[in-house]
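For reference, the structure discussed in these notes is given below.
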Amino acid sequence: MKALRVENQRLSLADVPQPRVDGEVLVRVTLSGICNTDLEIARGYAGFQGTIGHEFVGVIESLPDASEARASARASQPGNASLSAAPSGLPAWGPRRDGLLTPGQRVVGEINAGCGVCDLCRAGDPRHCAERTVLGIVGRDGAHAEFLKLPLVNLLPVPDEISDERAVFTEPLAAACGILERVEITEDRRAAVVGDGKLGLLCAQVLKTTGAPVTLVGKHQSKLEIAARRGIETITVAQAQSRSREFDVAVEASGSPAGFRLALELLRPRGVLVLKSTFHGTTEIDSAPLVVDEISVIGSRCGRFVPALELLKTNAVDVESLISEEFPLAEGVQAMERAGAAGVLKILLRP
């Protein structure tokens, strides 16, 4: 099969065998999305070697038999029927999905596959399992390929109301929803999002669903207009200079040192700075404002898929406007180059 791979810091389209399922589910990828993390991996982030990509929608090609599925679930289990509600009222990972999925069914997949035996996995949340693999990022070949494999419990069915072009946004939208697990956002808290790229636009839209006043800061008028159409206040970086110390929560989604500094400047004393970006390299941070203004700094990574699918099903967020272009997987290298160009939003790959 064809797969877009990073090996020895070189990106290429390669012919590789189909994944050996080993008790997991074989999924035929119908559409995948290029993420900034993919671009950073190609530059050396995380030291990953293999097939990249973690945003996908696909169709189940084959399921393991019951005994194989149980063994796979014990080795990698992000779901448990006994879980209570998650923080901030978000649903937990949800019940085990054994028996609910069939070959030919459309699915999306949680990207973290845990060990199944540590305290975190036994509590039903493998996102920080020390032994986890992560689709296309850590120890597990990813989604920019014709096929991938994941444990059965990682997969969620895609409602009929959600097209492939919308479903492929489930993972990044879930990452935006993850902010609400880490920070309480209420109608009386002013929130700013710095960065008008894909992630920033999704974060702003998710925060808007809480009823809080949200302001998106960016450099590109065409991108800011996407948020403005959803009733979100938008301002340029220059305009943001006059809004210092105004916000209770600031989300840094630009992936740049300048964005970090701006997000910090926007916060009132004892505000909350949420960091969403990951990128290769180090960033110098002036810690004095953090200490003097008693700023809380919170990292936010992966989120749950259930609330993301619900937002997509109810058309509560606009993701179609984030699609810039679609490429065939065979042109994956060129697609990655295009994804890294200035002003480009989401690039999709179709095997």
Side-chain angles (χ1 to χ4, degrees), residues 9 33-48 52 54-55 137 172-173 175-176 178-179 182-183 191-207 214-228 232-247 249-267 271-290 293 295-303 322 324 336-347:
Q9 294 189 324
I34 294 177
C35 172
N36 280 0
T37 301
D38 298 331
L39 302 179
E40 295 298 337
I41 286 174
R43 299 182 184 115
Y45 171 73
F48 178 72
I52 59 174
H54 53 277
E55 303 175 5
I137 300 174
L173 183 58
I179 296 171
R182 304 285 285 132
V183 183
V193 177
V194 177
D196 57 8
K198 303 177 289 293
L199 182 58
L201 286 163
L202 293 175
C203 289
Q205 291 187 71
V206 167
L207 296 186
V214 178
T215 301
L216 177 65
V217 184
K219 297 179 178 179
H220 309 91
Q221 195 58 42
S222 62
K223 297 179 181 180
L224 293 174
E225 287 173 358
I226 296 172
I232 297 167
E233 181 190 23
T234 62
I235 59 176
T236 64
V237 172
Q239 291 170 328
Q241 306 304 319
S242 63
R243 306 284 292 272
S244 63
R245 300 169 77 87
E246 181 177 320
F247 296 90
V249 178
V251 178
E252 199 299 294
S254 74
S256 72
F260 179 94
R261 291 191 295 269
L262 177 57
L264 191 55
E265 291 167 4
L266 293 173
L267 283 172
V272 178
L273 176 61
V274 181
L275 303 181
K276 286 299 299 184
S277 301
T278 56
F279 52 96
H280 181 54
T282 58
T283 301
E284 290 187 6
I285 295 175
D286 179 5
S287 62
L290 299 173
D293 287 337
I295 300 298
S296 298
V297 181
I298 293 179
S300 175
R301 182 174 154 263
C302 296
L322 275 62
S324 291
M336 286 279 286
E337 292 175 358
R338 180 61 178 156
V344 173
L345 287 171
K346 182 63 68 180
I347 298 294

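From a predicted model like this one, the values you see are computed outputs, not experimental measurements.
- Formation of a donor-acceptor pair under 3.5 Å by the Glu40 side chain with backbone atoms of Asn36 is not found in this model.
- Atom-to-atom distance recorded for Glu246:CD and Glu265:CD is 13.5 Å, nearest 0.5 angstrom.
- Thr215 has its side chain out of reach of Leu266: every pair of non-hydrogen atoms, C-beta onward, lies at least 4.5 Å apart.
- Side-chain atoms of Gln239 come within 3.5 Å of backbone atoms of Thr236 as a donor-acceptor pair (strictly under, hydrogens ignored).
- Evaluation of the side-chain contact (heavy atoms from CB on, under 4.5 Å) rule for Gln221 yields Leu224, Glu225 as partners, not counting sequence neighbours.
- When all heavy atoms of Leu264 and Pro289 are compared, the pair lying nearest together is CD2-CB, 3.8 Å.
- At least one donor-acceptor pair closer than 3.5 Å links the side chain of Lys276 to the backbone N or O of Arg301.
- In this structure, Thr37 and Tyr45 approach most closely via the heavy-atom pair CG2-CE2, 4.1 Å.
- You'll find the side chain of Cys203 reaches within 4.5 Å of the side chain of Ile179, heavy atoms only.
- Of all heavy-atom pairs spanning Phe260 and Leu273, the tightest one is CE1-CD2, 3.7 Å.
- For Ser296, the side-chain contact (heavy atoms from CB on, under 4.5 Å) partners at least two apart in sequence or on another chain are Val272.
- No donor-acceptor contact under 3.5 angstrom links the side chains of Lys346 and Ser324, judged on distance only.
- A donor-acceptor pair under 3.5 Å links the side-chain atoms of Asp38 to the main chain of Cys35, judged by distance alone.
- Using a 4.5 Å heavy-atom cutoff, the side chains of Val251 and Leu207 are in contact.
- Side-chain contact between Ile34 and Arg338 is absent, with no heavy-atom pair separated by less than 4.5 Å.
- Taking both residues in full, the closest heavy atoms of Asp196 and His220 are given as OD2-N, 2.9 Å, listed atom of the first, atom of the second, then distance.
- Using a 4.0 Å cut-off between charged side-chain N and carboxylate O, Asp286 and Arg261 make no salt bridge.
- Between Leu201 and Leu216 the shortest side-chain heavy-atom distance falls below 4.5 Å.
- Checking side-chain atoms of Arg182 against main-chain N and O of Gly299 turns up a donor-acceptor pair under 3.5 Å.
- Contact check for Ile232 versus Val193: no side-chain heavy atoms found under the 4.5 Å cut-off.
- Using a 4.5 Å heavy-atom threshold, the side chains of Asp293 and Leu267 count as separate.
- Of the possible polar contacts, one joining the Ser277 side chain to the Gly255 backbone as a donor-acceptor pair under 3.5 Å is found.
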